[in-house]
Structure formats: C-alpha cells, structure tokens
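Structure first, then comments.
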Amino acid sequence: MTLELSGVSVDVGATDRTRAVDGVDLRLDDGRVLAVLGPSGCGKSTLLRAIAGLEPLAAGTIGWDGADLRAVPTHRRGFALMFQDGQLFDHLTVARNIAYPLRLRGDGRRRARATADDLLDLVGLQGYADRLPRTLSGGERQRVALARALAASPRLLLLDEPLSALDAGLRTRLAADLRRIITEAGTTALLVTHDHDEAFAVADRLAVMREGRVVQEGPTEEVWAAPVDVPTARFLGCTRVLTGPAARLLAGGDDGRVAVRPGALTAVPEGSDVADLAATVLVATASPDGARLVVAVEGIGELDAVARPGWSAAPGDRVGIVVAHTSLARLPEA
Amino acid sequence: MRRALALLALAAVPTAVLAVFFVLPVGGMVQHGLWPDGRFDPGAVWRVLAESRTRRVLWFTVWISAVATVVAVALGVPAAFVTHRLRFPGRGLVRAALLVPFVLPTVVVGVAVEQLLGESGPLGFLGLDGTAGAILVGLVFFNLAVVIRTVGVAWEALDRRPAEAAAALGASPPRVLLTVTLPALRPAIVSAASVVFLFCATGFGVVLTLGGLRYSSVETEIYLLTTGGVTGFPELSAAAALSLVQLVAVVALLVVAGRLRATPDPTVRRVPATPARPRPRDVPVLALTAVVLAALAAPIACLVVSSLRHDGHWTLAYYRALQGRGDDVGAGVSGGLGGGLLRVPITEAVTNSLAIGLVATGTALVLGLLVAVVVTRRSHGRLERRLRGLFDGLFMVPLGVSAVTLGFGFLITLDRPPLDLRGSPLLVPIAQALVALPMVVRILVPVLAGIDDRQRQAAASLGAGPWRTALTVEAPVLWRPLLAAAGFAFAVSLGEFGATSFLVRPEAPTLPVVIYRLIGSPGALNYGAAMAASVVLAATATVVVLVIERLRVPGVGAL
C-alpha cells in the first residue's frame with residue numbers, strides 16, 4: 001500500500017503549455033500523512049490533480065503498490081479528492097452528498113444513510129443530514145466534504161488546501177480535528193497547503209515544493225529544524241538568516257547558517273540573569289500577546305524579538321535577550 | 001426617491017412602446033375573439049374550437065411541436081458538449097455553422113428542406129415530401145441551434161470541479177453525467193426545450209411552405225383564416241379566437257417553464273472551463289455531431305445547387321433575374337416574376353430588407369438596453385423586486401405570441417385615429433423589433449446582472465457620476481454582447497415573415513415576402529429566382545452569424 005511518484009512532470013494551459021510540475025519523486029507509505037507545502041503557484045495543486053488522475057502526465061510514472069496508474073481513470077483509482085472549497089453537490093442534501101460514494105458502491109438507501117449519519121458524527125455535525133450545502137458555513141461545508149471523501153473508503157485521501165478558505169481561528173480548530181479524524185480513520189493522506197502551521201498540525205511528513213520541484217522532503221520536525229536553503233527557511237516562517245560568527249554567537253556550536261523565527265528571541269529587562277545576549281531596542285510595536293521588537297544585538301546585528309506581556313521597552317532602551325534554541329533552524333553551508 | 005423616479009422614467013419608454021405596439025394589437029385580437037359582433041360572446045371562441053378542423057389543427061400543433069422538441073434536445077445536447085467542451089481544429093467554424101439555420105429566414109428553411117426531400121431532391125426516395133415528416137425535419141433543422149447554443153453556453157460555463165469531485169469519489173463518466181452534470185444543466189435544458197417548443201408551436205414560415213393547406217398549425221391556420229385561405233372568405237372572428245387560445249397557452253407555458261427552470265440558488269458562478277482534447281470515449285458524440293452538421297448542411301447545399309441549375313446545366317440566370325422584374329428575361333414567364341404580383345425588382349426587396357432591418361435593430365437595441373438596465377438594478381425591498389420580475393416577464397411574452405397575431409393585431413387596431421398607422425413605413429420595423437426584443441433582453445440581462453455592484457460603488461466612491469460610472473464599469477463589459485445582440489436582432493428582422501406578411505406595403509416588399517410569392521407562382525424562372533433570392537438571404541444571415549460568433553463572450557449569450 002505505497003504511493004510512488006518518480007520523475008512526474010505535468011504541463012498545464014490550453015494554448016501555451018507551461019511545466020507546472022517538474023520531475024517530482026515522492027513516496028508515501030501506508031497510514032502516513034504527507035503534506036506538500038509550497039507558495040501559491042508552485043504546482044502543488046497540479047501535482048495533487050495528477051495523482052488523482054485529473055491531469056495527464058507529461059513524463060514520469062505514478063505507481064500504487066508497484067502498479068503503474070497511467071491507464072487507470074480517476075474513478076477507478078480509489079483516491080478521494082477533497083477540494084479547496086469542498087465542491088459539495090448543491091442539489092443534494094448533506095446526507096445524500098455523503099451517501100453519494102456509498103450509493104455508487106451499491107449500498108442500499110437505508111444502509112448508506114446510516115453510514116452517512118456515523119460519518120456526520122465523526123466530523124461533529126450531528127443533525128445536519130437534511131440541510132442543503134448552500135445553507136452551511138465554510139467550516140461546516142469542509143467538514144461535510146471530508147465526511148464525503150472518507151465515505152468513499154479511499155485507499156488514499158487527497159486534500160487540496162482543505163482549510164485555507166477558512167478564517168484563522170476556525171483553521172486552528174479544524175486542523176486539530178482533521179488530524180484526529182484522519183488518524184482515527186487510519187487513512188493514508190496527502191495534503192497540499194501553503195500554510196506551514198496547517199502542514200505541521202496535520203502531517204507527519206513534509207515535502208516542500210517550489211517552482212514545480214520538490215526541494216526538501218522528510219519527517220515534519222526534521223524539515224522544520226533544518227530547512228535545506230534560505231527560501232525554504234523563509235517559507236517555514238524564519239525571518240532572518242545569520243552566517244559565520246553571528247550564527248555561532250547566537251546558536252553556538254560549529255559553523256553553518258542559522259535561520260531565526262520571530263518567537264526565538266525574548267526580551268527581558270537589562271541585567272536579568274537569564275539573558276543570553278545584550279541588545280538595544282530599535283522599534284517597538286504593541287500587540288495583544290506582548291510587544292514585538294526590533295533589536296540591535298551586540299555582535300550580531302538587527303533581529304526580531306518579543307517582549308513578555310505586561311512589560312515592554314521603548315526604542316533606545318537596553319534589554320537582555322533569551323534565546324529559545326528550538327525556534328532556530330540550522331541550514332547547511334551555502 | 002430620485003433613484004425610483006429615474007428608474008420609472010427609464011422603464012416608461014419601453015413600457016409605452018410595448019403598450020401601444022403589443023398590448024393594444026394583441027388586445028384588439030382578444031376583443032375581436034370575445035366580442036365578435038360588438039357583444040360579449042365567449043361562446044364564439046368555443047364554437048370555433050369545437051370545429052373538427054380546429055381540433056385537428058390544435059392536435060397537430062401540439063404533437064409536432066413536442067416531437068420536434070424531443071428530437072432537437074436529443075441531438076442538440078451531445079452537439080453542445082462537443083462544440084463547447086472539446087477542443088479540436090475548426091471548432092469556431094463548426095459552432096458558427098451549427099448556428100446558421102437559426103438565423104435563416106423560416107421561409108428559406110422551408111424551401112431548403114423542400115429541395116432536399118422533394119420528389120427530385122437527393123432524399124426524395126424517402127417519400128417524406130408533403131408529409132408531416134418534412135415539417136418535423138424543417139422544425140428540427142431550424143431549432144437545433146437554440147438547443148446547442150443555450151445548453152452549450154451553460155455547459156461551457158459549468159465548473160469542472162464538481163464532476164471531478166464525483167469522479168474522485170468513484171463515479172464512472174456516465175454516472176457523473178447523470179448525477180452531477182445533467183442536474184446542473186437542467187435549467188438550461190428546460191429553458192432550451194421550452195423555447196424550442198414555443199418556436200415550433202408558433203412557427204410560421206416552415207409550416208406554411210412545407211405544409212400548405214394540408215398540414216396547418218395554429219399559427220398558419222390564423223394566417224389562412226385571416227387571408228381567407230381556408231374557405232375563400234376572411235374569417236376574422238375564428239382567427240381571433242385561435243389567437244386567444246394561443247396567447248393563453250403561451251403564457252401558461254412561459255409560467256410553467258419559469259417554475260421548472262427556477263433553481264434554489266440563482267447565483268451565477270461563471271468559471272469557463274478550458275475545453276479538453278477529445279478522448280476515445282468522445283468518439284460517439286463526435287460522430288453524432290458530424291452527422292448533425294452534415295444534416296444541417298444538406299438542405300442548404302441543395303438550395304444552392306438548385307439556384308444554379310436550369311434544365312440540367314449550370315447557370316447564373318436566376319441570379320440575373322433578381323435584378324429585373326422578369327419581363328425582360330424572356331424565359332417564358334408571362335406577366336413577369338411572381339405572376340405580375342411583384343411591382344419592384346428583387347434587388348430592391350433586398351435593399352428594403354436591409355433598411356428595415358437596420359431600423360428594427362436600432363429600435364430593439366434601445367428598448368432592450370432600457371429593459372435590461374431597469375431589470376438588473378439592485379432592488380430595494382420586496383415590492384420593487386416583484387415589480388421588476390413582472391416587468392422582465394412582460395417583455396418575454398412577445399417571444400411566444402405569434403408574429404401573425406401581432407401583425408394581424410396591428411392591422412385591426414392601428415387603423416383609426418389617433419393611431420392611424422396604415423401604410424406607415426415604420427409599422428414593419430416596429431413589429432420586427434418587438435419580435436426580436438426578447439432575444440436582445442435575454443442576451444443583455446445576464447451580462448449586466450453579472451457585473452458586481454461593488455464595482456459601481458467603487459467607481460462612485462472615487463467620484464464618478466452615474467454616466468461616468470456606466471462608461472467605466474458597464475460599457476467595457478457590454479459592448480460585445482450589445483453588438484452580438486444587434487446581430488441577432490438584425491438576423492431576426494431579415495427573416496421575419498409572420499408579422500411582415502400582414503404589414504408589408506406592396507410597393508416595398510421584403511425579401512422573405514418576395515420569396516414566398518415567387519414559390520407560389522408557377523414557372524421554372526419564378527422557382528429558380530426564389531432559390532436564388534433564398535441563397536442571397538441565407539448568405540446575408542450567415543455573414544451576420546459569423547460576426548456574432550466572433551464577438552461572443554464565453555458563458556454568455558443563451559436565449
């Protein structure tokens with residue numbers, strides 16, 4: 001039960017064909033959740049559509065357990081695709097949407113309805129069975145779409161930016177639900193997203209994609225802690241990249257480049273004995289969870305830092321800096 | 001308040017025109033039917049309906065229209081898919097070619113089908129000449145384009161993703177078609193079917209040229225009764241009674257179709273999908289489309305050939321005959337072309353048709369634009385929305401009311417002061433404009449309704465006045481559909497025969513009227529000249545279609 005992509009390339013566009021996916025190799029084992037992470041336009045959605053069989057390959061092969069899927073049409077692949085905006089069938093009720101793949105499989109009306117009710121429970125939408133999709137909120141629609149995709153009992157669940165159409169608060173809650181539901185169902189899943197928090201919350205492996213190519217692939221924590229290059233580090237939330245002595249001073253240890261996320265440095269009053277470094281405040285911006293600062297750190301230069309709630313510093317103040325080493329990322333030598 | 005007044009003022013002009021040139025004449029017909037001798041006598045309508053000939057006519061109208069509609073939908077839906085969702089070389093040309101029959105004047109359609117199925121025609125061996133089958137072929141030939149275009153435009157704008165979602169859930173292509181695509185297309189298919197049924201039931205030229213006296217639909221029966229073609233005497237009360245029946249049936253049909261078409265959510269989501277390359281499983285529909293294309297081309301080809309053949313060899317004599325009145329051609333036609341009924345050379349009829357067409361097009365565009373603007377402004381409150389719905393529906397009624405009724409109504413109501421328009425050269429273009437108006441409105445309304453109101457608000461908030469806003473927001477989106485609508489209106493006007501045949505002045509006939517007279521006159525030259533004139537008319541209409549096709553905006557332009 002393994003999905004294997006080797007050298008997959010896909011061209012898009014009706015008239016002038018452009019290469020959207022360029023020589024991608026990926027492997028996804030049974031029961032794992034892989035997130036393909038990349039900025040918009042990097043080709044990740046096209047890759048997903050190609051796996052679903054909705055885009056023809058220009059080169060390469062997509063295999064399932066060693067069998068080439070080239071000649072297998074979408075509806076025979078057993079890969080359920082959940083679209084960014086759900087793509088519920090507007091003319092069917094919620095229950096009939098979820099029952100759709102069950103009825104295709106030949107389940108009776110009553111049995112399909114019972115399974116649909118179970119799935120509605122799983123996604124936390126009891127009592128929504130007879131609503132029409134257009135009457136649901138964005139989050140509810142995505143839950144129904146997920147239930148429908150799971151109803152197909154797919155060999156592989158494909159999720160296309162499942163949460164990106166939702167607002168921030170809902171996204172965080174649904175991401176946790178999504179992880180729970182996928183693990184409970186024991187489904188192998190492939191998720192594409194541009195949101196690293198979403199990827200981190202849901203997946204156990206990450207593949208970072210840029211300009212049609214996969215630039216890094218590995219377990220989530222590994223990729224998070226050691227991005228392969230500067231653009232990847234920036235994409236994974238790092239705002240500054242340090243090299244040479246500055247990197248050594250901040251992170252200690254041997255040579256190499258260090259990428260810094262905004263939460264990595266915390267400002268404390270000057271002279272505090274927990275401080276690792278000393279700095280001068282350049283800019284201070286208030287925010288609900290403590291002030292955001294730009295500080296000039298001695299021996300390193302300009303960096304971002306946060307101040308604890310209830311205490312802040314004004315530009316020109318001298319402060320101490322505490323470094324959280326888990327929020328730093330190490331990059332290989334350039 | 002000022003807004004409401006401005007809208008009322010905008011609505012006033014088309015309403016007044018509709019009142020005088022549609023409600024009044026049609027009302028006159030109704031009055032004629034219900035008050036035959038100045039006394040209210042609804043029994044007169046009943047007596048007409050009780051006659052066996054009337055019942056035969058009604059039954060024939062219903063069944064032939066129903067069968068033609070079913071056939072047109074069955075052939076048109078696959079062709080709509082091929083021409084709007086698949087990508088192949090020459091697609092634009094195929095699409096334009098499939099549209100041509102619709103803008104052909106119905107008289108020409110009749111003549112062309114007659115050429116194909118007649119005793120000496122290539123398909124004469126089928127023995128369809130003079131049967132209801134020939135009329136069926138003519139009606140399907142004419143109306144197929146309505147289905148292809150209406151359904152095609154909807155299909156083209158159909159989001160591809162719900163179908164993909166279904167496929168990803170395990171639905172096979174036929175399953176996807178049945179459970180996702182067809183339900184989404186239902187409004188367009190119902191819409192197309194109801195329009196086709198209307199066109200068939202009120203179809204005039206096709207039935208008149210192919211059916212003669214033997215097969216008569218309600219529409220041709222009204223014509224024959226009015227002109228005394230049935231018994232030799234004009235029977236106006238009977239004609240009015242039939243018009244009344246037709247009016248009631250048409251309004252009922254429009255209401256039912258409106259209900260069937262209504263979807264829980266009317267929001268337009270226009271996501272034109274990029275057409276796909278044909279796959280092996282598309283071969284059957286591709287083949288069917290090729291057959292349809294050939295079937296549509298055959299009658300036209302026959303028409304062209306017979307306009308060029310005389311006594312077994314090729315000749316341009318018939319085209320030359322168009323320039324004169326026939327007496328100078330010396331081809332053995334006594335009394336000139338059309339048995340002496342034609343007072344002007346046919347080339348002059350061409351000029352008449354073009355001039356009348358321009359006036360009719362201008363009128364239809366101005367009225368249609370006003371109606372579309374009033375209908376699509378954002379409604380404040382329920383009452384306003386209701387009124388607007390009513391207003392919109394009102395301008396759809398001419399679509400179904402027979403042109404013959406309209407023309408005849410003009411004759412009996414606009415003939416005395418204060419509105420004595422008998423012999424006015426404006427009567428014909430106004431009647432034609434009313435016939436074309438529903439189509440213009442149908443093309444413009446979705447375009448205007450599709451403009452996000454916030455665009456207008458943005459322009460206004462930047463300091464643009466109402467005119468400036470219209471110029472920056474509406475004009476760039478509107479000009480192409482407006483030109484396409486103009487093309488349609490012009491084509492309708494060129495081919496209009498039902499109303500025109502009543503209203504046209506003998507000294508200024510239009511081309512379809514001339515063709516009909518030529519067909520009815522004996523002699524090879526008359527017939528040949530009718531063919532040549534039909535080709536000229538068809539060629540003009542085809543040029544118009546090609547222009548429309550170039551100007552069309554994907555996802556817009558259904559009927």
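Predicted, not measured: the structure shown is a model, and the values here were computed from it.
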- Query: Out of A80(A), A145(A), A149(A), which one racks up the most heavy-atom pairs below 4.5 Å with chain B?
  - Reply: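 The answer is A80(A).
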
Is it the case that over 12 heavy atoms from other parts of the model lie below 6.0 angstrom from the [atom1] atom of [X]?
X       : atom1 : value
R180(A) : CZ    : yes
R76(A)  : CZ    : no
R105(A) : CZ    : yes
L182(B) : CG    : yes

Approximate separation, where rounding is to 0.5 Å, of [X] [atom1] and [Y] [atom2]:
X       : Y       : atom1 : atom2 : result
L104(A) : R175(B) : CG    : CZ    : 5.0 Å
R161(B) : L54(A)  : CZ    : CG    : 12.0 Å
D85(A)  : D159(B) : CG    : CG    : 7.5 Å
R103(A) : T179(B) : CZ    : OG1   : 11.5 Å

- Take R148(A) and L169(B), measure what side-chain contact (heavy atoms from CB on, under 4.5 Å) needs, and give me the verdict at the end. CA-CA 8 Å; R148(A) 185 179 69 176; L169(B) 292 169; 3.3 Å; yes

- Item | Contacting moiety of A184(B), where chain A heavy atoms sit under 4.5 Å |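 Interface part for A184(B): neither.
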
- Task: Pull out the residues in residues 28-53 of chain A that come under 4.5 Å of chain B, heavy atom to heavy atom, sorted by number.
- Result: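 At a heavy-atom separation under 4.5 Å, chain B is reached by R49(A).
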
- Query: What pair of heavy atoms forms the shortest contact from H75(A) to A171(B), and how long is it?
  - Reply: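 Here H75(A) and A171(B) meet closest at CB-O, 2.9 Å.
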
- Message: Given heavy-atom pairs under 4.5 angstrom as the criterion, report whether the side chain, backbone, both or neither of F89(A) touches chain B.
- Response: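 F89(A) touches chain B through side-chain heavy atoms alone.
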
